[in-house]
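Input: a single structure, listed below in structure tokens.
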Number of protein chains: 4
Amino acid sequence: MSLREKKAEKKKKEIIQSALSIIAEKGYHATTMEDVAAKLLMTKGSVYYYFKDKQDLLFKSQKMLLEQSIQNIEEIMSKELPIIEKLQKVMVVHIEFLITERTGFAMGARPDQFFAGDQLQEIISLRQKYSHCIDKLIAQGIESGYFNKVDTKIVRNIILGAMNYVIEWYSSDGSKDKNELAKSISDYLLRILIN
Amino acid sequence: MSLREKKAEKKKKEIIQSALSIIAEKGYHATTMEDVAAKLLMTKGSVYYYFKDKQDLLFKSQKMLLEQSIQNIEEIMSKELPIIEKLQKVMVVHIEFLITERTGFAMGARPDQFFAGDQLQEIISLRQKYSHCIDKLIAQGIESGYFNKVDTKIVRNIILGAMNYVIEWYSSDGSKDKNELAKSISDYLLRILIN
Amino acid sequence: MSLREKKAEKKKKEIIQSALSIIAEKGYHATTMEDVAAKLLMTKGSVYYYFKDKQDLLFKSQKMLLEQSIQNIEEIMSKELPIIEKLQKVMVVHIEFLITERTGFAMGARPDQFFAGDQLQEIISLRQKYSHCIDKLIAQGIESGYFNKVDTKIVRNIILGAMNYVIEWYSSDGSKDKNELAKSISDYLLRILIN
Amino acid sequence: MSLREKKAEKKKKEIIQSALSIIAEKGYHATTMEDVAAKLLMTKGSVYYYFKDKQDLLFKSQKMLLEQSIQNIEEIMSKELPIIEKLQKVMVVHIEFLITERTGFAMGARPDQFFAGDQLQEIISLRQKYSHCIDKLIAQGIESGYFNKVDTKIVRNIILGAMNYVIEWYSSDGSKDKNELAKSISDYLLRILIN
DNA sequence: AATGAATGAGTCTTCATTCAT
DNA sequence: GATGAATGAAGACTCATTCAT
């Protein structure tokens, strides 16, 4: 990749970050291209140089978020760790990532409200990839006897729901820091599976 | 209340229902006054006879949803039931209500994205009222020794998050009916509190 | 049709007339919805109340023009007239209509530059209907021995091209009035067919 | 002219050709500088090195077309040929040129829709030069008794209109080749002038 | 009470044009 | 000479809102 291309890539990421942060704050529809550009001291026109249209920007940003999440989870899964610690780590990282990025949009919102056609398929497929990782962990835990026998799908969704909800209520009070909070939540959620 | 007023009241509820269902499907910003009116075979103009503006309609609809939820929960709380059964019933009713109304908007989304000033205060206050009920149940359970000692706020939010997430993934497959699903979820969530 | 509908219909025609005259002057792409509205002392928004979008307005206006032309020609064809007079009348009316409406757009421009899909089909079909009328007249003239034997398609297109070109050069000088000019042209064109 | 200048001149012609072909296909307004450049595997910026702006490109391209046409006609006029054959040859060459270049833009469209000021004057003047050639041929034909006495201006415009219209309807079916078609048309048009 | 019509502010999007490198 | 990047003005389109009837 040439220097030029690297710069362009960097710019794209900056724009995505800008979009992400404003979408997190206002929601997708209330976010204007003007907002996204202004935050970077750019003009609307420039944003359109890097992204076909608003939908494209949304899609790419969500995709990036999901891919990052998948990378996070796969990295953990490839490690040699006891299943319980593994699942806990997955949860902690997920929650910390959410809080850091200030957006649960990618994981939380119903994708069919924002995507259609191929984009929808791709987003769904990425989400499933993520879900499957969690499912696999749960299944492994059950098989190895460390976890109670549960309905994997339901428990996975409980875990996802509980985690994604964090951004709705975190922040307001900083009695606990990010990491501590993430640990707490994961501890509680593990109780569903253990004993 | 005169007949006329009753009729007006009924019409308002119809409009709110229409708004609610479309917001659930498309999201607030993507919902137009035209949509809301068309679903009832009305014209936009008529909707404005009953509601000051779109924001007013949103506010009243969310308020209604929250008030209904609070009524649901309070009704259960006033009953003579073992604490565990009480909390479970609260959860089951919450989930069923969500699925029936097809919207977790009222409980799930960050209110400051949609409301400001007095409206925001009122919505927050209603949500807190609801949250406090759950907190109370948890506290009572702990006090009476039925529940493990936990961080009430965190566990309450785990419960809310897990429950509200249901609308994101329910429906797709009907292997379990509404009630069964609600029971399952509440059972799993109770494990956080029991043993 | 109710009074309301009649009024709406009238308004639509006014807008079409406005659009037609500006398109005739500036061309389609250079014509803005603002222009069309301003000419009628309306706002853009109002135009959109009557027409879905700019393309819709263009399509409806061209359709109206073509339908009017077809009506003109069919009226003449149904009359009891010698074939020569008939064809001449068709030409005269065509030219006068063009000059009066100040636009040869409907008949002249390549429709595939402006329409696609169903719209294109409909426009083409209307044009063909018109062309067929002329073809029929030529064919009848040949059959009855009044016209020379010619390649109908080519001669028809010569006639159409020559007539439609009038708007490009008429106006500049008013040495001849509309009707006289139309007669002249049709006389000359008839020479292709007679003797 | 230096080698450098020759190269530049060649490049300009390439760009003009590209512009011409896209304008012929889409029309002037729908043609973007991007399109013109892309067809030559250039970037927009480069085009601006050779042409001041889009208008300049349009003007130069139309001028080139007109000058070529004028050269064509003058070449024929300077030949020793019977007047009838001369006019016919003019028509045949005109039509073939049109079909080859795929654009009747230069001759057909109203120049005041695209040009103003000096550019408009120059385009009009070139067109007139062309028209005058045809007028001269007609006049000579009348004088020498080969042609009927006609209104020169009207007949010239009939001829131009009929010829320019060819690009609107040629192509679709290739029953006749370019040259044959051109001959046919010119034969028919000559009937206006002869007997 | 209801509605057809009109409005205007706000947004997305395109594209000719410029310019530093 | 060439190009990637940036810009801003223009224009299409949407939609909440108003109002006369």
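Throughout, a chain's letter reflects where its sequence line sits, starting with A, and its residues are numbered from 1.
Judged as a side chain to side chain donor-acceptor pair (under 3.5 Å), and not counting sequence neighbours, the contacts of C/Ser21 are C/Lys39. The side chain to side chain donor-acceptor pair (under 3.5 Å) test applied to A/Gln68 returns A/Asn72, not counting sequence neighbours. With sequence neighbours excluded, the residues satisfying side chain to side chain donor-acceptor pair (under 3.5 Å) with C/Ser46 are C/Thr43. For B/Asp56, the side-chain contact (heavy atoms from CB on, under 4.5 Å) test picks out B/Phe51, B/Lys52, B/Asp53, B/Lys60, with sequence neighbours left out. Residues forming a ring-ring contact (aromatic ring centres under 6.0 Å, His included) with C/Tyr48 (at least two apart in sequence, or on another chain): none. Scanning for side-chain contact (heavy atoms from CB on, under 4.5 Å) contacts around C/Thr32 gives C/Glu34, C/Asp35, with sequence neighbours left out. Here D/Gln119 pairs with D/Gln55, D/Phe59, D/Phe115 under the side-chain contact (heavy atoms from CB on, under 4.5 Å) rule; sequence neighbours left out. With sequence neighbours excluded, the residues forming a side-chain contact (heavy atoms from CB on, under 4.5 Å) with C/Glu67 are C/Lys63, C/Leu126, listed by chain and number.
F/dG4 atom P lies 13 Å from atom NZ of A/Lys12, rounded to whole Å. Here the P atom of nucleotide E/dA5 and the CG atom of C/Leu41 are 19 Å apart, to the nearest Å. Atom CG of B/Leu58 is separated from atom C1' of F/dC15 by 16 Å (rounded to the nearest Å). As a whole-Å value, the separation of A/Met42 CE from F/dA5 C1' is 9 Å. Atom pair C/Ile15:CD1 and E/dT7:C1' shows a separation of 14 Å (rounding to whole Å applied). Taking atom OH of A/Tyr49 as the reference point, atom P of E/dA16 lies 16 Å away to the nearest angstrom. Between the CD atom of C/Glu14 and the C1' atom of E/dA5 there is a distance of 14 Å, rounded to whole Å. The interatomic distance linking A/Leu40 (CG) with F/dT7 (C1') rounds to 15 Å, in whole Å.
Take the nearest nucleotide of DNA chain F for B/His29 and for A/Thr43: the residue whose nucleotide is more 5' is A/Thr43. Where B/Lys7 and A/Glu34 meet DNA chain E, the nucleotide closest to each residue was compared, and B/Lys7 sits on the side nearer the 5' end. Projected onto DNA chain E by closest heavy-atom contact, A/Ala30 and B/Tyr50 fall at different nucleotides, the more 5' of which corresponds to B/Tyr50.
Relative to the side chain of B/Thr32, the nucleotides F/dG11, F/dA16, E/dG4 differ in distance, and F/dA16 lies closest. For B/Lys11, whose side chain is taken as the heavy atoms from C-beta onward, the closest listed nucleotide among F/dG8, E/dA2, E/dG8 is E/dA2.
Using a 4.5 Å heavy-atom threshold, the side chains of A/Met33 and A/Leu57 count as touching.
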List every contact pair, protein side and nucleotides 17-21 of chain E side both N or O, where the distance is under 3.5 Å.
residue : atom : partner : partner atom : Å
E/dT17  : OP2  : D/Tyr48 : OH           : 2.9
E/dT17  : OP2  : D/Lys54 : N            : 2.8
E/dT17  : O4   : D/Lys44 : NZ           : 3.2

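Within 4.0 Å (heavy atoms only), D/Phe51 reaches no atom of the nucleic acid at all. A/Ser2 comes within 4.0 angstrom of nothing in the nucleic acid, heavy atoms only. At a threshold of 4.0 angstrom between heavy atoms, the contacts of B/Ala8 with the nucleic acid are absent.
OP1 or OP2 of F/dT3 lies within a sub-4.0 Å distance of a side-chain N or O belonging to D/Ser46.
B/Glu9 places no side-chain N or O within 3.5 Å of a backbone atom of B/Arg4 that could act as its donor or acceptor partner. Between the D/Ser18 side chain and the D/Glu14 main chain, no donor and acceptor come within less than 3.5 Å of each other.
Of the residues in residues 17-28 of chain D, none has a non-hydrogen atom less than 4.0 angstrom from any atom of DNA chain E.
Helical stems involving DNA chain E, defined as 3 or more consecutive Watson-Crick or G-U pairs under 3.5 Å, span E:2-21 with F:2-21.
Sorted by first and then second residue, the ring-ring contact (aromatic ring centres under 6.0 Å, His included) pairs involving residues 17-43 of chain D (not counting sequence neighbours) are D/Tyr28-D/Phe114.
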